[in-house]
Protein chains: 4
Amino acid sequence: MPTKKKPTAASRPERRTELLAVAAQVFAAQGYDATTVRGIADEAGMLAGSLYHHFDSKESMADEILSTFLTGLRATCGAVLDAGLGPRDTLEALVTASFRHIGRNRAAAAIYRTEGAHLAGRPGFPRLAGVRPVLEEALSRTLERGAADGSFRRDLDTRLACRLLRDAIWGTASWHEPGAGPGQDHGELARGYLTLLLDGLTPRV
Amino acid sequence: MPTKKKPTAASRPERRTELLAVAAQVFAAQGYDATTVRGIADEAGMLAGSLYHHFDSKESMADEILSTFLTGLRATCGAVLDAGLGPRDTLEALVTASFRHIGRNRAAAAIYRTEGAHLAGRPGFPRLAGVRPVLEEALSRTLERGAADGSFRRDLDTRLACRLLRDAIWGTASWHEPGAGPGQDHGELARGYLTLLLDGLTPRV
Amino acid sequence: MPTKKKPTAASRPERRTELLAVAAQVFAAQGYDATTVRGIADEAGMLAGSLYHHFDSKESMADEILSTFLTGLRATCGAVLDAGLGPRDTLEALVTASFRHIGRNRAAAAIYRTEGAHLAGRPGFPRLAGVRPVLEEALSRTLERGAADGSFRRDLDTRLACRLLRDAIWGTASWHEPGAGPGQDHGELARGYLTLLLDGLTPRV
Amino acid sequence: MPTKKKPTAASRPERRTELLAVAAQVFAAQGYDATTVRGIADEAGMLAGSLYHHFDSKESMADEILSTFLTGLRATCGAVLDAGLGPRDTLEALVTASFRHIGRNRAAAAIYRTEGAHLAGRPGFPRLAGVRPVLEEALSRTLERGAADGSFRRDLDTRLACRLLRDAIWGTASWHEPGAGPGQDHGELARGYLTLLLDGLTPRV
DNA sequence: CATGAATGAGTCTTCATTCAT
DNA sequence: TATGAATGAAGACTCATTCAT
């Protein structure tokens, strides 16, 4: 029987995704530990026990939310790095793409930013445990490349700059303004940030 | 009667402070909700129940840790703003002082950064509820002043810059490297960050 | 939406009632504070935590037991007063009906008699807090009416007589003889008491 | 060494008595189980631990309060019975003396009435465990004697009458009116009650 | 005698999870 | 798939009691 699926994951992938979106929202709003399975179920219009027809556990929900988000981020960063652009353009593309990915997965990003470190250390988050900080690595490599070839200041403290960029990018995940439009901002935001940052990174004329 | 102490809040202030330091460490390492009172007590070398001789509740411990930290930060920022420096020097001083305060209260800062938003919304954190984002306000005001008087670029997007600075500063709270020396770094770190940032903020020659 | 039930107050009313009966028995036997939730659960053949599927708290159980009992007593007294009988017949009916109600709810009555006053003062017993002493009021009114119209001695100290009656009636709640048959006694008991009491209240021939 | 006393009872009997009076008040007001040792200590102006210089345990305090009260009641009843009065006078004397004793030890009486039955069943109340219901026995004997010799109605249901008297007497322990004068009432009260009761008990002319 | 810090047992309550219907 | 009753393991908190100072 080729249709044999995992025991508990027996629901339409459609429904799964819906439920994960709800769960992500609740996790982001209250924190993973403060979120009860019943809280998620309430929000989804069902009873707590019913969630277990779709997921193995509360942990597995969060693990899936986060690893899906991170897989997407990895793909995004990988595509940018593989595009063969120069350091400056690569940096721009990384920032822009990150903003977009975070903006499109606000809840997951918020969970990851605030609780990723704690959760990764726990058993029950296997997919989260081994994850490398992709974005940070991409930034680091790009900055070093640019500092070496003169795209950026030669005396740039790349480790510091990397952290600054990283924190700036992830910081946006916390701007919980749900009122803000979902999509179009990311572009402007990224450009604004880049203006601020690049003018500090680029060597003077 | 100033000598009348609350029943539980008694105990010599010395011990209180010690215990709060321990608690802060554990909260920072595991997250507030994942931390058990027994975990704190273990670390402090006593039994869980004994903590209640010094504190009213787990919540009150966290509330006190965070509000003490924030009160200090407010004082720090206030002193800088009151010094009557120009926008650029004020900004430098704010960043330096913040780094120092965060560096000296690493655990509290980490808790605040990762869980402040969640915790402030809960009952049981009265002192945290009404707190204004002091640092952010100080940064915002300083940036606007500098943009107006030409200390910074006149076309500066102050809101964006404020957020960038804020996220950069708070980001350091997460750099958990306990190996890093506790004291001397903050100065260099602040200077390094300022170099990166100011060169982007200052108008071109 | 009348079908919207409180989350915990759900469960079929049948089971609720059963559990409350068990709880009442245990409360009556050991006292409210000395009763542990686990003790009730043991008696009900379930685990302590499972009780919280039916009730919000230990307090709410006792509150419901007592307020249900008192509501019934109020209805009983009200019906008697509304029957339009003369003072003497009203008094007889009040005593008889009270005995019956107490006899049919022995456990609740015992709890109320011994702990009602203490519990009503605590938070967590909202339904008990505002309750008027219905039976006492009914007795008082009837005695005064009878003293005025000559059904009882004109020089009757109604306040004293009211208390005597009240204490006599409630006293039966303590006669915990579980061996005594549940039903038929109340009638005889009430008649016996009335003989004792009325011959003292009725004017001499 | 003839001055060797019990280990913990090492305080002036004076102080002991004071503290027991405080304890009785608190027990009566809140119930034995709901009363904390610290609550008693607060009321006594000392710390919880300090009470253990005077008493072995919370249980021993209550046990002493109750057994002292009951010993006094036994003596009182005994004296009345030994006076060699007729049934009617004996009954009057019993009621009057009981009222007085209860009125002078309001708190202890209230504790006994509401919690005596529960507490006597627990270990830790040795002096309370074996106690006979002296008052009830005295009443019962007197009623039977009177029914036999014609002092009371010959067809009197002595068991019922005994209970009625008992409940009426103990009922006064609950009349918590702390405003009411402490002493002089008991006489009037007893006389009032006796009027009510005796006119029902005495055979008709 | 009194203090106050600490103990250790126990209580109520929560919650993720299971499972028969 | 969904329900709702039940489980069992924990967790926060309380409190009688002890003891060194």
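Within every chain, numbering begins at 1; the chains are lettered A, B, ... in the order of the sequence lines, protein sequences first and strands thereafter. A quick note: this is a predicted structure, and the numbers were derived from the prediction, not measured. In what follows, every heavy atom counts, from backbone to side chain, and hydrogens, waters and symmetry copies are set aside.
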Can you name the nearest heavy-atom pair linking [X] to [Y], along with the distance?
X: B/Tyr52; Y: B/Ser57; result: CE2-CA, 3.9 Å
X: C/Leu20; Y: C/Met61; result: CD2-O, 3.9 Å
X: A/Ala173; Y: A/Ala110; result: O-CB, 3.9 Å
X: B/Ala44; Y: B/Arg15; result: O-NH2, 4.2 Å

Nearest whole angstrom, please: distance from the [atom2] of [N] to the [atom1] of [X].
X: C/Arg16; N: F/dA5; atom1: CZ; atom2: C1'; answer: 14 Å
X: B/Ile40; N: E/dA6; atom1: CD1; atom2: P; answer: 15 Å
X: A/Glu18; N: F/dA2; atom1: CD; atom2: C1'; answer: 15 Å
X: D/Met61; N: F/dC15; atom1: CE; atom2: P; answer: 15 Å
X: D/Leu51; N: F/dC15; atom1: CG; atom2: P; answer: 15 Å
X: B/Met46; N: E/dG4; atom1: CE; atom2: C1'; answer: 12 Å
X: B/Phe55; N: F/dA12; atom1: CZ; atom2: P; answer: 15 Å
X: B/Leu47; N: E/dT7; atom1: CG; atom2: C1'; answer: 6 Å

query = Which range-with-range stems can be found for DNA chain E when each stem has 3 or more Watson-Crick or G-U pairs in a row and both distances sit under 3.5 Å?
reply =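 For DNA chain E the paired stretches long enough to count as stems (3 pairs minimum) are E:2-21 with F:2-21.
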
key: Under-4.0 Å side-chain N/O to phosphate OP1/OP2 contact, C/His54 with F/dA6   = yes

inquiry  = Tell me if a side-chain donor or acceptor on A/Glu115 pairs with a main-chain N or O of A/Tyr32 at a distance below 3.5 Å.
reply    =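 Yes; judged by distance alone, with no hydrogens or angles, the pair exists.
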
Letter per nucleotide, 5' to 3', of nucleotides 16-21 of chain E [B base touched, S only sugar-phosphate touched, - untouched; heavy atoms, 4.0 Å] = SBB---

key: Closest listed nucleotide, where the reference is the side chain of D/Arg15 and the choices are E/dT3, F/dG8, E/dA2   =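 Minimum distance to the D/Arg15 side chain belongs to E/dA2.
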
key: Side-chain touch A/His118/A/Phe125, heavy atoms, less than 4.5 angstrom   =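 They are not in contact (no side-chain heavy atoms under 4.5 Å apart), so the answer is no.
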
ask   = Does some side-chain heavy atom of A/Thr36 sit less than 4.5 Å from a side-chain heavy atom of A/Asp42?
value = no

request  = May I ask you to say whether C/Glu59 pairs ionically with C/Arg122, meaning some side-chain N is under 4.0 Å from a carboxylate O?
outcome  =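 No, no charged N to carboxylate O under 4.0 Å.
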
task = Could you tell me whether C/Gln30 atom CD has more than 12 heavy atoms of other residues or ligands within 6.0 Å of it?
result =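 For C/Gln30, atom CD is crowded (more than 12 foreign heavy atoms under 6.0 Å).
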
key: Interatomic distance at P, E/dC1 relative to F/dT21, whole Å   = 22 Å

